[in-house]
Amino acid sequence: MTGGAVELDGKSLTLADVKAVARDGARVRLSEGAREHMLRTRRAVEQAADSGTAVYGVNTGFGKLSEVSIPREQVDALQVNLIRSHAAGVGQPLPAEETRAMMLLRANVLAGGLAGARPEVAELLCGMLNAGLHPAVPEQGSVGASGDLAPLAHLALPVIGEGELLHPATGRSGPAAGMLREAGLAPIRLGPKEGISLINGTQGHTAIAALLCVDARALWAAAQVAGAMSLEALLGTPVAFDERIHAARGQRGQMRAAAALRSLLADSEIRESHREGDPRVQDAYSLRCIPQVHGAVLDAIDWVEEMVARELNAATDNPLVFDDGTMLSGGNFHGQPVALALDVLSIALSTLATMSERRIDRLVHPDLNQGMPAFLAPEPGLHSGFMMAQVTAAALASECKLLAHPASVDSIPTDGSKEDVVPMAMGAALKARRIGANVRHVVAIELMCAAQGVDCRAPLRPGAGVLAAHRAVRGSVAPLAGDRVLSGDIARLADLVAAGAFMHGQPA
């Protein structure tokens, strides 16, 4: 970010930049270096169009129709027809933040210069972002093969003055041409290759993945905090988190998770209350193995984040236009890298839900919760307490397991079998997004139950990090003094998790 704005050059966009623009409304601009590069490669495209030599995406049909030559006088119409014909998505529109992230990523790809589009195309996308305008993009219809063709086509319609634009800040929507005009912008008449340069790429599923990477960090930290708070409420032992145990295995994520837990549990009066005379030798896996399981999840998040961060600045168009004028056709639009990363993230986050739900069960189960009231109810029997909260967590955790089945191993040939192996990357993204929301609510339920458990151990105080988290919970959700509707409590805590209120659970 430069001077308060995210500057696009096709090579330095970060996950933090994506969040700043997609969620926080940061402004965007094209760098001067990117503009100059785009002009150089654009000249090569125009020369190819004028030469009459067949070049894919410039003067040929697309996909299975790539052997059909298009006369020079119809080349511009070809690009417009491509946008219109490929806008075939269905389903609910993507959330505004995901659409904004997709617009940003597509503008950044164009800024890299290898797409061969004019600077004006990228600048219009930047202008729409800065004006708070975005199209409604249906979330279904992409297999992530020649890129996210249908979603990106819907994204591209306003560039040519078609479709509708939304302005969430005012609640207004209307025909794209009129909404652009009100914002001081104007649609563009596409030239050779610019239509395919708008829709050929991985920016649909990568936009969702980028925001999920940001959210995964907050989820992981909150799961650590919830696990530590549950350990305190259940009179568990931190001995299993001893540094020597984890150094003996040498797994990086595991060592970092254990260190974070030790910090959260430091100076605990609850721990001291049962250090001597406790007949239990060791805790259940959902407590004792938090570092091993959460650590593996952390390693997976690190890997996914690295993969997605590279894709933010990847040239995923086809063909690619190089500085010497060479135009090469390849397959950088194939979404397998991010599809695979999204499937790994789905599995990793589902593991957090599984661990959290099992700790919730131990907190409410009268045979397992170390003398606390059944279901943490003030008067068990008269009150049901958190009985149904555990059922909700179980339902969500089970759904995560179903959704964690990988999408990237599936394939249905498309485009007359020209695209015969496809990654189903958008499906992987949509599943991962739902899993993320489920895990956020499961962890919120654990925080709610664990905080009640810590209340049961008063006046003994938990570790310093757990105490800080307990205060954060109690700032939004009161102790359970009698049965009440819990949905609002869960939602408020889920919002706190999403906002990063428990980031002190992350490793140093």
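Sequential numbering from 1 along the given sequence is applied to the chain's residues.
The CG atom of Asp9 sits 11.5 Å away from atom CZ of Arg29, with the distance rounded to the nearest 0.5 Å. In this structure, SG on Cys126 lies 7.5 Å from CG on Leu104, to the nearest 0.5 angstrom. Between atom CE of residue Met102 and atom CG of residue Leu125 there is a gap of 11.0 Å, rounded to the nearest 0.5 Å. Taken to the nearest 0.5 Å, the CG atom of Leu152 stands 11.0 Å off from the NE2 atom of His86.
Between the side chains of Ser417 and Asp420, no donor N or O sits under 3.5 Å from an acceptor N or O. For the residue pair Asn332/Asn318, the side-chain donor-acceptor check at 3.5 Å is not satisfied. When only modelled atom types and interatomic distance are considered, Gln224 and His294 share a side-chain donor-acceptor pair under 3.5 Å. When only modelled atom types and interatomic distance are considered, Thr414 and Glu419 share a side-chain donor-acceptor pair under 3.5 Å. Side chains of Asp343 and Ser346: no donor on one and acceptor on the other come within 3.5 Å. When only modelled atom types and interatomic distance are considered, Ser31 and Glu7 share no side-chain donor-acceptor pair under 3.5 Å.
Using a 4.0 Å cut-off between charged side-chain N and carboxylate O, Asp489 and Arg492 make a salt bridge. Electrostatic pairing of Glu36 and Arg40 does not count as a salt bridge here, judged by no charged N lying under 4.0 Å from a carboxylate O. Between Glu139 and Arg433 a salt bridge is recorded (basic side-chain N to carboxylate O distance below 4.0 Å). A salt bridge links Lys193 to Asp317: one of the charged nitrogens lies within less than 4.0 Å of a carboxylate oxygen. Note on Arg106 versus Asp148: no salt bridge recorded, every NZ/NE/NH1/NH2 to OD/OE distance being 4.0 Å or above. Taking a cutoff of 4.0 Å between a charged side-chain nitrogen and a carboxylate oxygen, Glu97 and Lys19 do not qualify as a salt bridge. Comment: Arg118 does not engage Glu123 in a salt bridge, judged by the lack of any side-chain N to carboxylate O separation of less than 4.0 angstrom. Comment: Arg100 does not engage Asp24 in a salt bridge, judged by the lack of any side-chain N to carboxylate O separation of less than 4.0 angstrom. Under a 4.0 Å N-O distance rule, the pair Glu98/Arg23 does not qualify as a salt bridge.
The shortest distance between side-chain heavy atoms of Arg27 and Val6 does not fall below 4.5 Å. The closest side-chain heavy-atom distance from Leu30 to Met38 is below 4.5 Å. Residues Pro135 and Thr99 are in side-chain contact: their nearest non-hydrogen atoms beyond the backbone lie under 4.5 Å apart. A heavy-atom distance below 4.5 Å is not found between the side chains of Pro175 and Glu162. Residues Ile412 and Met424 form a side-chain contact, since some pair of their non-hydrogen atoms from C-beta on lies under 4.5 Å apart. Looking only at side-chain heavy atoms (C-beta outward), Met426 and Gln140 stay at 4.5 Å or farther from each other. Residues Leu198 and Leu190 have side chains in contact (heavy-atom distance under 4.5 Å, counting atoms from C-beta outward).
The closest donor-acceptor contact from the side chain of Asn130 to the backbone of Val28 lies under 3.5 Å.
Nearest heavy atom pair, residue Met307 against residue Ala341, reads CG-CB, 3.9 Å. Shortest non-hydrogen contact noted between Ser350 and Lys401 is OG-N, 4.4 Å. In terms of heavy atoms, Leu212 sits closest to Leu345 at CB-CD2, 3.9 Å. The shortest non-hydrogen separation linking Ala209 to Leu342 is CB-CD2, 3.6 Å. Across all non-hydrogen atoms, the minimal contact from Pro291 to His246 is CB-CE1, 3.5 Å. Between Asn200 and Gly147, the closest heavy-atom pair is OD1-N, 4.3 Å.
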| What do the steps show when you test Asp302 against Arg256 for salt bridge (charged side-chain N to carboxylate O under 4.0 Å, His left out), and what is the final call? | CA-CA 12 Å; Asp302 286 344; Arg256 294 167 68 197; 3.0 Å; yes
| query | Can you list the steps and then say if Arg434 with Glu399 is a salt bridge (charged side-chain N to carboxylate O under 4.0 Å, His left out)? | reply | CA-CA 9 Å; Arg434 175 131 180 145; Glu399 183 177 273; 2.8 Å; yes
| field | Verdict with supporting geometry, Glu446 and Ser356, side-chain hydrogen bond (donor to acceptor under 3.5 Å, both in side chains) | value | CA-CA 6 Å; Glu446 183 181 2; Ser356 182; 2.6 Å; yes
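Applying side-chain contact (heavy atoms from CB on, under 4.5 Å) to Val439 and the options Val497, Thr351, Leu349 leaves one that passes, Leu349.
Shown here is Arg310, whose CZ atom has more than 12 heavy atoms of other residues, nucleotides or ligands within 6.0 Å.
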